[in-house]
Amino acid sequence: MPELPEVETMVRGIRPFVEGRRIVSFAKCRCRYRPIAIAPTATAIARRCEGRTIVAVRRRAKRVVLELEGGSAFVIEPRMTGLVLLADPPDRAHLRVEWALEGDQEHNSLWFWDSRGLGTVRLLEPFALEAALGEVRLGPDALEMSESLWRLRCAATARPIKVALLDQKLVAGIGNLYASEILHRARIHPERPADALNRRQVARLAEAVLFILEEAIRYEGSTLSDGTYRNALNQAGSYQNAHRVYDRVGEECRSCGRGSSLRIVQAQRSTFFCPGCQR
DNA sequence: ATTAATGTTCAGAA
DNA sequence: TTTCTGAACATTAA
C-alpha cells in the first residue's frame with residue numbers, strides 16, 4: 001500500500017528513464033477487470049499528451065506527478081495496490097495504462113499496474129493541478145513539516161493522534177503502516193488526543209516523522225506479506241524487515257524490552273503499538 | 001461456500 | 001464545524 005516512502009521510491013526509480021522523453025502514445029491496456037478510472041477519456045488524454053515531452057517526475061504526498069512541457073501533468077494515485085513500472089509487470093491481467101516512450105533505450109514503456117483497481121490516472125491542466133495538489137486539498141508534505149507547524153496542526157484537533165496522522169489535509173503522505181511506526185519511535189500512545197500532546201511529545205513526533213520516512217525511503221519501502229508493493233523494476237522493498245511494531249503482534253519491543261506489539265482498531269483500521277514505551 | 005479483512009480516498013451523513 | 005461511515009475493488013485467509 002504505497003505511502004510516501006513507496007511513492008518516493010517509484011519516482012526515483014522511473015525518473016532517470018522518463019525525464020526528458022517524449023510520449024509516443026497513451027493507451028488503456030486490455031485488462032481482465034473493469035476499466036481504470038482515468039480522466040478525461042483515453043482518446044482525449046492521448047490527443048493531449050502524444051508528442052509531448054515529460055519534463056519532470058516528482059512526488060506530491062502519495063501521488064506520482066509526470067509534468068509535461070506546456071504545464072499540464074499526469075497525476076497518478078496508486079491508492080492500495082497501484083504500481084508504476086518500467087519493466088516486468090507481475091501479470092498482464094491487471095495492467096491498466098501504458099505510456100510508450102520515444103527512443104530506443106533500456107525501457108521504452110511506462111505502465112500503471114493495479115490489482116484492486118482503486119488507483120486513478122488523470123491528465124490535468126495547470127489550473128486543475130493546483131486544485132488537485134494544492135494545500136486546500138492536501139496538507140503540507142510530511143517531509144516539509146516543521147516542529148512549529150506540527151504544534152499548530154496537532155492543537156487544532158481532538159482526534160486520536162494516530163487518526164490525525166492519516167488525515168491528508170492535516171499532513172500529506174503518511175498512511176496506516178508508517179503512522180504506527182512513527183508513533184512508536186516518538187513513544188506516543190496512538191489513542192492520545194492530538195491536542196493533548198505536550199511540547200516535548202510534539203518535538204519527538206516531528207523528529208520521528210522525518211526519521212522513519214527517510215529510513216523507509218533508504219530501504220525502498222515496505223513489501224508486506226501480500227507482496228503487492230514493488231519498485232519500478234518489480235523488485236520488493238526491504239523495510240518490512242525493519243518494522244518495530246507494524247504487524248508484529250506479540251513480538252517483544254526492541255526499544256523498551258518490557259512490552260510487545262499490540263493491535264487495536266481505530267477508525268476501522270489496525271493500529272500497532274507497544275504499551276511498554278508508548279504513553 | 002461464505003465472510004472478513006486488507007488500506008486510500010471521497011462523498012455524504014451525523 | 002468537525003468527525004464518522006460506507007463504497008469503490010481484487011485477493012487471500014479463516
Side-chain angles (χ1 to χ4, degrees), chain A residues 1-8 10 28-29 31-39 59-65 75-84 89-97 112-122 124 128 131-139 141-142 152-183 190-196 213 216 221-230 237 239-240 243 245-249 263-272:
Chain A
M1 49 314 309
E3 303 181 26
L4 186 152
E6 288 76 24
V7 177
E8 180 65 24
M10 294 175 184
K28 285 204 279 191
C29 296
C31 174
R32 192 178 138 188
Y33 307 95
R34 83 144 170 56
I36 183 183
I38 63 174
R59 177 187 61 76
R60 169 73 170 114
K62 302 175 191 175
R63 294 142 159 94
V64 177
V65 182
V75 175
I76 305 169
E77 257 188 69
R79 301 238 183 149
M80 287 294 295
T81 51
L83 299 178
V84 174
D91 60 51
R92 313 277 320 171
H94 299 90
L95 274 182
R96 310 282 178 160
V97 170
F112 183 66
W113 181 97
D114 189 357
S115 167
R116 284 176 71 176
L118 300 177
T120 65
V121 172
R122 292 175 291 168
L124 300 180
L133 302 179
E135 297 237 341
V136 177
R137 192 154 199 96
L138 290 171
D141 202 84
L152 277 172
R153 301 226 154 194
C154 286
T157 179
R159 286 174 295 169
I161 183 63
K162 157 64 161 41
V163 177
L165 289 178
L166 298 182
D167 180 349
Q168 302 299 298
K169 273 219 267 268
L170 193 154
V171 56
I174 298 171
N176 201 49
L177 191 165
Y178 293 105
S180 285
E181 293 295 323
I182 286 164
L183 289 176
E191 291 180 301
R192 178 165 292 270
D195 62 3
L213 295 179
S222 302
T223 298
L224 303 183
S225 49
D226 65 5
T228 39
Y229 169 70
R230 323 291 287 184
Y239 196 61
Q240 64 280 3
H243 292 171
V245 287
Y246 184 85
D247 207 12
R248 302 183 70 91
V249 172
R263 175 184 178 272
I264 60 174
V265 174
Q266 294 179 281
Q268 298 129 245
R269 291 176 172 92
S270 296
T271 299
F272 299 88

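All chains are named by letter (A, B, ...) in the order of the sequence lines, taking the proteins before the strands, and each is independently numbered beginning at 1.
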How many whole angstroms separate atom [atom1] of [X] from atom [atom2] of [N]?
{"X": "Leu83(A)", "N": "dC9(C)", "atom1": "CG", "atom2": "P", "answer": "19 Å"}
{"X": "Lys169(A)", "N": "dA11(B)", "atom1": "NZ", "atom2": "C1'", "answer": "11 Å"}
{"X": "Arg137(A)", "N": "dT8(B)", "atom1": "CZ", "atom2": "P", "answer": "17 Å"}
{"X": "Gln168(A)", "N": "dC10(B)", "atom1": "CD", "atom2": "C1'", "answer": "12 Å"}
{"X": "Leu4(A)", "N": "dT8(B)", "atom1": "CG", "atom2": "P", "answer": "12 Å"}
{"X": "Leu170(A)", "N": "dC4(C)", "atom1": "CG", "atom2": "P", "answer": "14 Å"}
{"X": "Asp167(A)", "N": "dT5(C)", "atom1": "CG", "atom2": "P", "answer": "15 Å"}
{"X": "Met80(A)", "N": "dA10(C)", "atom1": "CE", "atom2": "C1'", "answer": "10 Å"}

Base, sugar-phosphate alone, or nothing: which one does [X] contact when heavy atoms must sit under 4.0 Å apart?
{"X": "Gly175(A)", "answer": "sugar-phosphate"}
{"X": "Ala37(A)", "answer": "nothing"}
{"X": "Thr157(A)", "answer": "sugar-phosphate"}
{"X": "Arg263(A)", "answer": "sugar-phosphate"}

Would you measure the distance from the [atom1] atom in [N] across to the matching atom in [M] and give it in whole Å?
{"N": "dG6(C)", "M": "dA4(B)", "atom1": "P", "answer": "13 Å"}
{"N": "dC10(B)", "M": "dT11(C)", "atom1": "P", "answer": "24 Å"}
{"N": "dT3(B)", "M": "dA7(C)", "atom1": "P", "answer": "15 Å"}
{"N": "dT12(C)", "M": "dT9(B)", "atom1": "C1'", "answer": "23 Å"}

Output yes when a side-chain donor or acceptor of [X] lies under 3.5 Å from a complementary backbone atom of [Y], and no otherwise.
{"X": "Gln240(A)", "Y": "Thr223(A)", "answer": "yes"}
{"X": "Glu3(A)", "Y": "Lys62(A)", "answer": "no"}
{"X": "Glu181(A)", "Y": "Tyr246(A)", "answer": "yes"}
{"X": "Ser180(A)", "Y": "Phe272(A)", "answer": "yes"}

Is any side-chain nitrogen or oxygen of [X] closer than 4.0 Å to OP1 or OP2 of [N]?
{"X": "Ser270(A)", "N": "dT6(B)", "result": "yes"}
{"X": "Thr81(A)", "N": "dA10(C)", "result": "no"}
{"X": "His94(A)", "N": "dT11(C)", "result": "yes"}

Please determine, for the side chain of [X], which listed nucleotide ([options]) has the closest atom?
{"X": "Arg63(A)", "options": "dC10(B), dT3(C), dA8(C)", "value": "dC10(B)"}
{"X": "Arg116(A)", "options": "dT3(C), dT6(B), dT8(B)", "value": "dT6(B)"}
{"X": "Arg79(A)", "options": "dT3(C), dC10(B), dT6(B)", "value": "dC10(B)"}
{"X": "Glu3(A)", "options": "dA10(C), dT6(B), dT8(B)", "value": "dT8(B)"}
{"X": "Leu118(A)", "options": "dT3(C), dC9(C), dT11(C)", "value": "dC9(C)"}
{"X": "Gln268(A)", "options": "dT6(B), dT11(C), dG6(C)", "value": "dG6(C)"}
{"X": "Arg269(A)", "options": "dT9(B), dC10(B), dA5(B)", "value": "dT9(B)"}

Worksheet item: Taking side chain as C-beta onward, heavy atoms only, is Leu4(A) less than 4.5 Å from Tyr178(A)?
Response: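 The answer is no; the side chains never approach within 4.5 Å.
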Item to complete: Taking the side chain as every heavy atom from C-beta outward, state whether Asp167(A) and Arg159(A) have any atom pair closer than 4.5 Å.
Response: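 They are in contact (side-chain heavy atoms under 4.5 Å apart), so the answer is yes.
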